[in-house]
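Naming: A, B, ... by sequence-line order, numbering from 1 per chain.
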There are 2 protein chains.
Amino acid sequence: MNQRQVDTERKPAPGGGRPGKNGDGAERHEAIHRSISDAIIEHRLKPGARLREDALSEVFGISRTGIRKILQRLALEQLVTLTPRRGASVTRPTADEAKDVFDARQMVECGLMPEVARRITAADLEALRDMARRERQALKAGEQSTAIKLSAAFHGRLAHISGNATLAAFVEQLCSRSSLILAVYGNAGHLGCESHDHDDLLGYLEGGDGERARAFMSRHLKAIEASLSIHEEESEAPDLYEIFSG
Amino acid sequence: MNQRQVDTERKPAPGGGRPGKNGDGAERHEAIHRSISDAIIEHRLKPGARLREDALSEVFGISRTGIRKILQRLALEQLVTLTPRRGASVTRPTADEAKDVFDARQMVECGLMPEVARRITAADLEALRDMARRERQALKAGEQSTAIKLSAAFHGRLAHISGNATLAAFVEQLCSRSSLILAVYGNAGHLGCESHDHDDLLGYLEGGDGERARAFMSRHLKAIEASLSIHEEESEAPDLYEIFSG
DNA sequence: CTCGGCGATATTGTATACGCTTTCCCGCTA
DNA sequence: TAGCGGGAAAGCGTATACAATATCGCCGAG
């Protein structure tokens with residue numbers, strides 16, 4: 001009776017109901033990946049949470065093979081940590097990693113702003129304003145999960161406008177990791193991005209002022225980083241090496 | 001009789017010779033990954049080359065399961081392309097991708113130089129000088145494969161000195177992809193990095209002149225990019241849509 | 001009462017088997 | 001002779017089975 005399987009994407013099993021006989025599993029894998037990824041980004045899966053292969057395969061209705069593939073991809077994206085004989089768990093970023101991620105964002109996202117200001121279109125602005133608006137709404141409604149995801153999506157979308165797919169993908173990954181960092185080091189109730197920062201940024205971009213947008217983005221990211229309380233909470237693995245032999 | 005299996009790392013099969021019974025397969029996977037990765041970076045596997053799972057599993061003496069895992073990782077690193085029902089092949093970068101990669105390198109590697117100049121130690125300098133020397137030797141000896149790999153390793157190592165592991169990993173990935181780009185768009189006989197560029201760069205870094213190092217790195221990368229002949233050779237998939245329907 | 005050893009269980013690692021899709025070759029026909 | 005269609009083979013996608021190992025609880029001894 002533990003057959004309760006969530007269908008990630010309403011799909012009537014075109015193969016006739018027999019699971020996994022039709023070859024179009026690629027989309028399904030993609031959907032499952034996004035499903036788990038979203039759950040992590042939205043903090044519905046907290047850092048440290050274990051992700052057992054059996055459980056996931058049961059939930060999503062595919063075998064462990066497919067789950068392992070997805071888990072490995074998530075590991076390469078640094079969202080989950082794969083411990084050799086212990087399985088997968090949601091990554092708990094260290095303080096050093098957090099610093100690295102925000103330094104990287106500082107360099108790449110700020111560096112992208114001039115080009116974004118040059119290329120941004122009216123349609124882009126409209127879509128981004130809508131995202132910013134929905135983010136504020138979610139924040140006001142207390143739906144932190146939605147707000148976090150929208151914030152990451154905003155930054156990712158912005159990066160894509162630069163036209164550089166490689167850097168945009170990197171920024172997206174950094175934003176996902178930032179979401180994890182917020183989950184560990186963020187203060188409850190104080191979300192990363194200030195309410196009107198994104199709107200202000202769009203104003204500079206609309207005016208084509210790339211340099212001002214860059215400076216603002218820099219302050220924006222610094223503000224997020226400053227709002228964190230990074231205190232290297234070493235709950236597990238108390239660093240005996242460092243305490244004694246160190 | 002087709003049991004000729006290359007042992008990537010001289011390892012006497014501690015399990016007793018029976019393949020894959022001991023659980024320390026992680027190192028072996030790592031070794032196989034590096035083995036394939038190196039072959040691609042050194043152009044012993046040329047872009048477009050097909051990588052059949054059966055053949056690889058036979059060569060390395062592990063089952064297709066492990067090969068698939070490695071292939072998927074290589075795909076995420078953009079070194080191989082995974083076509084849904086057609087298997088894996090060495091990625092053939094498009095002209096757009098090439099531009100993106102070099103723009104990304106321009107932003108990240110140049111941006112890293114000031115911090116590298118601040119942190120570089122005498123030991124680092126010695127190691128890097130040795131790498132540059134070996135690269136020149138290889139180039140002189142006509143061993144392009146070795147030279148290419150050493151050049152990528154030089155840039156990667158340099159990035160690591162910054163202390164930012166995230167950005168360093170990104171740079172390493174970009175360098176690997178650059179190697180592929182050279183294989184497709186590079187002119188034979190003219191390797192990417194000029195002979196003495198790396199030594200000159202080390203000179204600036206030793207002097208702690210981060211800004212000059214940044215400017216030099218920028219010229220260095222521009223020179224490499226300019227040496228390419230990017231001509232969008234669309235041998236396969238002649239873009240009928242674009243030709244007719246416009 | 002606490003600590004150490006031991007066995008049962010749960011969970012991952014690896015290999016293999018099977019089905020489906022694609023591809024390639026060969027014969028057929030116009 | 002060239003184009004087309006069918007069949008056989010090859011290769012990928014998925015699931016399942018088996019083996020090895022880490023974890024956890026239990027029991028006995030000091």
Side-chain angles (χ1 to χ4, degrees), chain A residues 2-3 5 7-8 11 13-33 36 48-76 80-90 236-237, chain B residues 2-3 5 7-8 11 13-33 36 48-76 80-90 236-237:
Chain A
N2 43 13
Q3 198 55 33
Q5 103 185 25
D7 46 353
T8 315
K11 187 168 63 169
R18 214 156 66 267
K21 283 306 176 191
N22 43 352
D24 62 6
E27 312 169 2
R28 165 143 273 252
H29 280 187
E30 195 66 26
I32 295 173
H33 175 272
I36 300 178
R50 295 198 48 186
L51 303 170
R52 274 176 298 117
E53 298 177 354
D54 291 358
L56 290 174
S57 66
E58 205 172 284
V59 168
F60 289 106
I62 66 174
S63 80
R64 275 180 50 218
T65 308
I67 292 294
R68 287 177 67 83
K69 178 172 150 189
I70 294 167
L71 246 29
Q72 277 158 22
R73 177 169 164 199
L74 287 167
L76 255 59
V80 316
T81 301
L82 243 46
T83 315
R85 299 262 173 201
R86 303 276 307 279
S89 58
V90 178
E236 51 191 340
Chain B
N2 45 13
Q3 197 56 33
Q5 107 182 25
D7 44 355
T8 314
K11 187 167 64 169
R18 217 157 61 269
K21 283 307 180 192
N22 41 356
D24 60 9
E27 312 169 1
R28 166 144 272 253
H29 280 188
E30 195 66 27
I32 295 173
H33 175 271
I36 300 178
R50 294 200 46 187
L51 303 171
R52 273 178 297 120
E53 298 176 353
D54 289 354
L56 289 173
S57 65
E58 205 171 283
V59 167
F60 290 107
I62 66 173
S63 81
R64 274 180 50 216
T65 307
I67 292 295
R68 285 179 69 83
K69 177 170 149 190
I70 293 168
L71 245 28
Q72 277 158 23
R73 177 168 163 198
L74 286 167
L76 256 59
V80 315
T81 301
L82 244 45
T83 315
R85 298 262 171 203
R86 301 277 306 280
S89 58
V90 178
E236 48 191 345

*Please round to the nearest 0.5 Å and tell me the distance separating atom OG1 of A:Thr65 and atom CD of A:Glu53.*
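Answer for the OG1-CD pair, A:Thr65 versus A:Glu53, is 9.0 Å.
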*For the atom pair CG (A:Leu51) and CD1 (A:Ile67), what is the distance rounded to the nearest 0.5 Å?*
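Rounded to the nearest 0.5 Å, the CG-CD1 separation comes to 9.5 Å.
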_Exam field: side chain B:Arg68 to backbone A:Lys69, donor-acceptor pair closer than 3.5 Å_ =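 A pair under 3.5 Å: no.
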For [X] and [N], what is the distance between atoms [atom1] and [atom2] respectively, to the nearest whole Å?
| X | N | atom1 | atom2 | answer |
| --- | --- | --- | --- | --- |
| A:Lys69 | D:dT16 | NZ | P | 17 Å |
| A:Arg28 | D:dT14 | CZ | P | 11 Å |
| B:Leu56 | C:dA15 | CG | P | 14 Å |

Protein-nucleotides 8-12 of chain D N/O pairs under 3.5 Å:
residue	atom	partner	partner atom	Å
D:dG11	OP1	B:Arg52	NH1	2.9
D:dC12	O3'	B:Pro84	O	3.3

*Please examine the side chains of A:Ile70 and A:Leu56, heavy atoms only from C-beta on, and report whether any two atoms are closer than 4.5 Å.*
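The answer is no; the side chains never approach within 4.5 Å.
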*asked:* I'd like to check the side chain to side chain contact (heavy atoms under 4.5 Å, CB included) partners of B:Arg73; sequence neighbours left out, ordered by chain and number.
replied: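 With sequence neighbours excluded, B:Arg73 shows a side chain to side chain contact (heavy atoms under 4.5 Å, CB included) to A:Leu76, B:Glu30, B:His33, B:Glu77, given in chain and number order.
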